[in-house]
Every structure is written in C-alpha cells, then in structure tokens.
Amino acid sequence: MNKFFISFIFIVIFLLLNVEAAVYKGQKEFVKKCAPCHSEGQEFVAQKTISEWKEIMRNSGKELIRIHLTSKDEKAKDSYIYFKSKAFKKKSVHLIQFLTEYAKDSGKVPACN
C-alpha cells in the first residue's frame with residue numbers, strides 16, 4: 001500500500017510539473033515567434049477570453065492561420081510557412097496553454113514584454 005501511495009504522489013507531482021512547463025514553453029514560443037509582430041505580449045494575449053483562444057487554436061490553429069492569411073500585413077502572411085511546419089504542430093499545444101493561462105478572463109498577467 002505504501003508503494004502505491006508513493007508512486008501515486010510521484011505521478012501527480014510529475015503531471016503538475018509538466019503542466020507548468022507547458023505554459024512556460026508556450027510563453028517561450030510566443031516570445032520567439034509571435035512577439036516580433038505582436039510586440040505588446042501582455043496586451044495581445046489579454047485581448048481574448050479563454051474560450052476565444054481555444055476556438056482560434058482548434059483544429060491545428062485553422063482560424064489562427066485564416067486570420068493571418070487575410071491580414072493586410074505582409075509579415076502576417078509570411079507566418080503561414082511557420083503554421084504549416086512540424087514545429088508549430090508540436091509547439092501549438094504549449095502555445096494554447098500559454099494563451100489560455102493569461103487570457104482576458106483568467107485573472108493572470110504574463111511576464112513577457
């Protein structure tokens with residue numbers, strides 16, 4: 001019974017650490033890939049609610065891609081290459097966790113400016 005309890009505690013701790021690491025990885029990805037165009041990180045992320053960010057990032061970010069492709073800014077259109085890359089597919093999970101963690105209705109403020 002003690003081995004089971006100790007194993008359970010380690011698994012819970014491991015999962016909690018991974019959730020925080022994912023938000024951190026999403027913040028790092030945002031700063032690296034998004035901040036050059038969306039320089040006001042805190043204000044940009046806080047423009048939308050948690051449900052709005054989830055909707056934008058649903059289906060491998062199809063709505064996010066559409067927003068960038070229909071933008072008049074050439075930099076936004078150039079981001080299409082990134083959105084179709086393996087890196088985006090891999091890191092979008094972390095990015096959505098970052099965006100929802102610091103959304104308008106989350107009550108939290110990111111430290112990325």
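Being a predicted model, the structure only gives us computed values, none of them experimental.
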How many angstroms lie between [atom1] in [X] and [atom2] in [Y], if you round to the nearest 0.5 Å?
X	Y	atom1	atom2	value
L95	Q27	CG	CD	11.0 Å
I96	K54	CD1	NZ	7.5 Å
K62	R66	NZ	CZ	13.0 Å
C34	L99	SG	CG	7.5 Å
S60	K84	OG	NZ	8.0 Å

Does atom NZ (K77) have a neighbourhood of more than 12 heavy atoms from anything else shown, all under 6.0 Å?
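Counting neighbours around NZ of K77, more than 12 heavy atoms of other residues, nucleotides or ligands fall under 6.0 Å, so yes.
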Other residues, nucleotides and ligands only: do more than 12 of their heavy atoms fall within 6.0 Å of NZ on K89?
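Enclosed.
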Looking at the rings of W53 and F30, which for Trp means the six-membered one, are their centres under 6.0 Å apart?
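Ring-ring flag for W53/F30: false, centres at least 6.0 Å apart.
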For the ring pair H68 and F83, is the centre-to-centre distance below 6.0 Å?
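For H68 and F83, the ring centres are under 6.0 Å apart.
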Do V23 and H94 pass the side-chain contact (heavy atoms from CB on, under 4.5 Å) test, and can you show the C-alpha distance, the side-chain angles, and the key distance before you say yes or no?
CA-CA 6 Å; V23 171; H94 305 299; over 6 Å; no
Membership question, hydrophobic clusters at under 4.5 Å side-chain separation (ILVMFWY): are L69 and Y82 in the same one?
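In one cluster: yes.
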In terms of hydrophobic clustering (I, L, V, M, F, W, Y; side-chain heavy atoms under 4.5 Å; direct or indirect links), are Y80 and I56 co-clustered?
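Per the 4.5 Å side-chain linkage, Y80 and I56 are co-clustered.
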For the residue pair [X] and [Y], what are the closest heavy atoms and their distance?
X	Y	value
V31	P36	O-CD, 3.8 Å
E52	T49	OE1-N, 2.7 Å
I50	D105	N-OD1, 2.9 Å

The criterion is salt bridge (Lys or Arg N to Asp or Glu O under 4.0 Å); which residues satisfy it with K91, sequence neighbours excluded?
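Listed in chain order: E29.
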Using a 4.5 Å cut-off on heavy atoms from C-beta on, say whether the side chain of L64 contacts that of F88.
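In contact.
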K108/E101 salt bridge by N-O under 4.0 Å criterion
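Between K108 and E101 there is a salt bridge, with a charged N closer than 4.0 Å to a carboxylate O.
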